[in-house]
Amino acid sequence: MFKQLTALAIVALAAAACSVDGASSEELGTQAQELIPGGSCNVGGLEWKPFVAHLAYDAMQDFGRWEFTTDLEIAPSNDRLQISSAGFAQCTARGRSGCPAMTAGLSAQEGSTVMTKQADGSTKPTIDPSQVRSQLYYGFQAQQTNEQYQQMISDNSEAYPNNQFKSATKTGLAHTLSLTNCAATIYVNGSYGGASQCLRAGNYRMADLTIGNDQVSSIKVRSGMKVTLYEHDQFGGASAAYTGDASGLGTFNDKTSSLNIASTDTTSSDKCSAIDSFKVTLTNGGDWTAIRGKLVTLGYMRGNDVLDVRLDLANNTVDVDPFNVDFVPPAQIGGATYGVLVKSATVETWRSTEDPSPSIFPVGGGCQKKSYGGTGYWPGIVKSSGSYRYCFCN
């Protein structure tokens, strides 16, 4: 999905390792942004790394926790990360057999380097699998060391006294995670009752609907968002759109097999992506803010800063920002092919399993791309690398 913050997506794939020598992840292209109260953002401030931010969400979906030294391991090839047997067991226990989100995310370690064109005519790598492998590998090793010796970690992006903390041990911070800032929430019963599912903006197929197929009976929609329900999987059949809460769905009750959640703002080129806020629930008590130390594996550390993470002390949540890409229908472009509106300052990449439909962006097919701050769409061709696709503009 990679739709506006999508449930699974990546723009400017950049992974920074923790205090590890090597090529700077900045070469992969990132956009510096700052969290501003009210949800707006300006250039400057924190450097958000979309890829690792998205893996954090993937782990929340599949594992329900950030225990990477348990749920991941170094592959026998000794050059990349893979899901461990404990990780697969954790996914199965949560009804996520095969760990689909993390499997797709880790596939960024495969394939060849993807180069995409910038607004100034230069090209930059969107995905460099060898660098992704390296950063995740060394981040994992650093995480193991931190947990074994409980090393001190400093985070200069946070104010005292939260700018320095001791890393938690592997088993010393038992916790669960949940997404709190839902773009929409779907419910099994009318009037917002029964089982529910909190969703980010993006595209959701039948397999993504944890409350079940043909089960949606009411829905809450965050201001500024539009939810489109579809009768069939892969966004087919009849549809119904909502831009506000609906305590009942009328003739569409119990008919949803897939859905899309997008911003109602399809014109602003500098609209920043929504922030993912994760509620941390500690099983045995302790300092929930130390959860930051669990994210070292994903490359959140660079030097002595924990980047891509912002503690929201007032709400007891950890905020990360994976950026977003919007899929734009031909009617909004005035052309015959779908477009990709890139909300990052650099480039876009999305998983082939997450676009609106495989037929919309087939590899080798046409696409159009509008970059951050751009004034028009560039024609391009859909290319792939591993499980990821991108709109390549000559």
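What you see is a predicted model, and the numbers here were worked out from it, not measured in a lab.
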Asks: Would you say Ser107's side chain and Ala104's backbone share a donor-acceptor pair under 3.5 angstrom?
Replies: yes
Asks: When you compare the side chains of Asn189 and Ser218, does any donor N or O come within less than 3.5 Å of an acceptor on the partner?
Replies: no
Asks: Report the C-alpha distance between Lys170 and Glu67 in whole Å, list the side-chain angles of each, state the deciding distance to 0.1 Å, and finish with yes or no for salt bridge (charged side-chain N to carboxylate O under 4.0 Å, His left out).
Replies: CA-CA 7 Å; Lys170 183 175 182 179; Glu67 288 290 0; over 6 Å; no
Asks: With no hydrogens and no angle check, do the side chains of Gln197 and Thr210 hold a donor and an acceptor under 3.5 Å apart?
Replies: yes
Asks: With the 4.5 Å side-chain cut-off for hydrophobic clustering, are Tyr187 and Met225 part of the same group?
Replies: no
Asks: Classify the angle between the aromatic ring planes of Phe278 and Trp66 as parallel (below 30°), tilted (30 to 60°) or perpendicular (above 60°).
Replies: perpendicular
Asks: Is it the case that the side chain of Asn146 and the backbone of Ser167 share a donor-acceptor pair, with hydrogens and angles ignored and the cut-off at 3.5 Å?
Replies: no
Asks: Please examine the side chains of Asn163 and Ser154, heavy atoms only from C-beta on, and report whether any two atoms are closer than 4.5 Å.
Replies: no
Asks: I'd like to know if the side chain of Arg205 reaches the main chain of Asp233, judged simply by a donor and an acceptor atom lying under 3.5 Å from each other, with no hydrogens or angles considered.
Replies: no
Asks: Testing Thr317, Val318, Leu173 for side chain to side chain contact (heavy atoms under 4.5 Å, CB included) with Trp288, which one passes?
Replies: Val318
Asks: For Arg389, is there any backbone N or O sitting under 3.5 Å from a side-chain donor or acceptor partner on Ser384?
Replies: no
Asks: Let me know which of Asp71, Leu81, Ile83 forms a side chain to side chain contact (heavy atoms under 4.5 Å, CB included) with Met102.
Replies: Ile83
Asks: For a side chain to side chain contact (heavy atoms under 4.5 Å, CB included) with Leu199, tell me which candidate from Thr185, Leu259, Val227, Ile219 qualifies.
Replies: Leu259
